[in-house]
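To keep things clear, I will list the structure first and then write my remarks on it.
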Amino acid sequence: MAMPDVADAPLPRARGPLSETVLDVLATPPESGAASAALEAALTATPWEAVDPYGDDLQLALYLCYELHYAGLAGVDPAWEWDPALLRLRARMERAYLDALRADTGEIDGPAARDVLAAELDALLVEPVDGEGVSHYLRDEGTRREMREYVVHRSVYHLKEADPHSLLIPRLRGRAKAALVAVEFDEYGGGRAEAMHSRLFADLMEGLDLDPGYGRYLDAVPAPALAVVTMMSLFGVHRARRGAMVGHFAAAEITTAPSAARIARAMRRLGEQERCARFFTEHIEADAVHEQVLRREVIGDLLRQEPDLAADVVFGIRATNLLEEHLGEHLLSSWRAGRTSLRRPLPADGASLP
């Protein structure tokens, strides 16, 4: 089955004044006077000190802005991608988000950043004996409903897997660039469309009776899952954040293999088809190799060229850990309380939301 085109995915509903403004203007022609006025009003009238940087409203608004750089949005003029008024509002939302991430991840002393980075990377390799994260829960006691919800949360990234990280390629040089491209080649299936990780994830969704359409579940996914993806996009679209993007990518690759192994076991425990486990088994071996490449070749060569970026790499690792913790806490607290972790529960038969 071919992956449905993005045009099949309806736009989500607004979750507050910022996302309402963005959705309203995207429904109009770019550079219209009314749209520009609405965007400027949102920029100047929003009480930014009261905006929750991790909340549904800002996160959805940012996600929509960034999606213009990827596959686009259904019925939205592609010219909105570089609209000056929309970019000004996005920049202000980014500042609120970045300020929160920096405040919550701690200051990094410049001269000590290399030592801090080594410690952060070493810590990512440590698997606690009594781990209690999402993958542990799904492996040991998760239900099919909870597994399907987990997959829906992750769909907002994995159906475009590696695209945010590919934005790094023109921002790197030498060995760091070549090594990153080698990792990305694997992410895109080694040149085979049917083996692209985004395609494998779509197969997984179909196996779980979910709709694999790009963006189809955006309306159901809450802020904690959106925040992980908007962080990637924020780091990726700005050259100044290249160090943070490298840190994020390293953190993601280092921690994926063990969690993927647990979720593959969960799929088998639940009696799912082998194609539901394949997405995860593919990541067990590949990401174990990618971890070494990113640490030694990408980070090592980047810091040889630009040693001042060490603190930014640490920030990318810490921001990734923070947002994954937020998402994990949301999922586990919802499931242990017997409620859905999505904004609306999935229908029992799977494919579409009301």
Side-chain angles (χ1 to χ4, degrees), residues 3 5-6 62-73 78 81-82 87 90 94 154-202 212 214-215 218 225-257 260 279 282-283 286-287 289-303 305-306 309 312-313 315-317 319-320 323-324:
M3 293 176 69
D5 189 85
V6 66
L62 273 179
Y63 191 96
L64 293 166
C65 290
Y66 291 135
E67 196 55 42
L68 297 169
H69 295 304
Y70 297 114
L73 296 163
E81 182 178 6
W82 300 111
L87 290 176
R90 191 189 83 185
E94 289 175 334
R154 293 301 192 183
S155 70
V156 291
Y157 166 63
H158 285 304
L159 288 175
K160 60 169 175 273
E161 182 165 344
D163 290 352
H165 305 128
S166 293
L167 297 170
L168 260 177
I169 294 173
R171 310 190 191 287
L172 300 180
R173 295 289 179 268
R175 286 173 56 198
K177 180 195 286 280
L180 182 78
V181 170
V183 172
E184 293 292 80
F185 187 64
D186 287 345
E187 304 285 346
Y188 291 115
R192 294 177 295 121
E194 69 277 9
M196 290 172 61
H197 289 183
S198 57
R199 176 65 260 179
L200 297 181
F201 196 82
Y214 186 91
L218 178 57
L226 296 182
V228 175
V229 189
T230 59
M231 174 195 63
M232 297 183 206
S233 297
L234 193 162
F235 292 165
V237 299
H238 294 284
R239 181 178 176 275
R241 310 295 170 201
R242 63 196 180 280
M245 187 57 154
V246 166
H248 153 70
F249 199 12
E253 295 293 299
I254 290 171
T255 57
T256 292
F279 173 82
E282 176 71 16
H283 283 74
D287 286 2
V289 175
H290 294 172
E291 172 257 311
Q292 294 294 322
V293 174
L294 280 158
R295 181 167 186 167
R296 297 177 182 178
E297 303 294 321
V298 180
I299 294 178
D301 193 50
L302 174 67
L303 296 186
Q305 299 174 45
E306 301 183 86
L309 290 181
D312 289 340
V313 178
F315 171 58
I317 293 171
T320 301
L323 295 177
E324 287 290 350

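All of these numbers come straight from a predicted model, not from anything done at the bench.
The aromatic ring centroids of F249 and H290 lie 6.0 Å or more from each other. Outside the 6.0 Å centre-distance limit, the rings of F235 and H248 are not counted as a close aromatic pair. A distance of 6.0 Å or more separates the ring centres of H197 and F201.
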side-chain hydrogen bond (donor to acceptor under 3.5 Å, both in side chains) assessment of E81 paired with Y70: CA-CA 10 Å; E81 182 178 6; Y70 297 114; over 6 Å; no

Trace of the side chain to side chain contact (heavy atoms under 4.5 Å, CB included) decision for V229 with Y66: CA-CA 10 Å; V229 189; Y66 291 135; over 6 Å; no

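Of the possible polar contacts, none joining the Y63 side chain to the A227 backbone as a donor-acceptor pair under 3.5 Å is found. At distances below 3.5 Å, at least one donor-acceptor pair connects side-chain atoms of D301 with backbone N or O atoms of A176.
Classification of R154 and E324 as a salt-bridged pair holds, one side-chain N sitting under 4.0 Å from a carboxylate O. A salt bridge links E306 and R242; the closest N-O separation between the charged side-chain nitrogens and carboxylate oxygens is under 4.0 Å. Look at R175 and E297 and you find a salt bridge, because one of the NZ, NE, NH1 or NH2 atoms lies within 4.0 Å of a carboxylate O, short of that distance. Salt bridge E94/R90: present, at least one basic N to carboxylate O contact under 4.0 Å.
If you take CZ on F315 and CG on L309, they are separated by 13.5 Å, rounding to the nearest 0.5 Å.
There is no side-chain donor-acceptor pair under 3.5 Å between E184 and H165. Using modelled atom types and a 3.5 Å distance limit, the side chains of Y188 and S198 yield no donor-acceptor pair.
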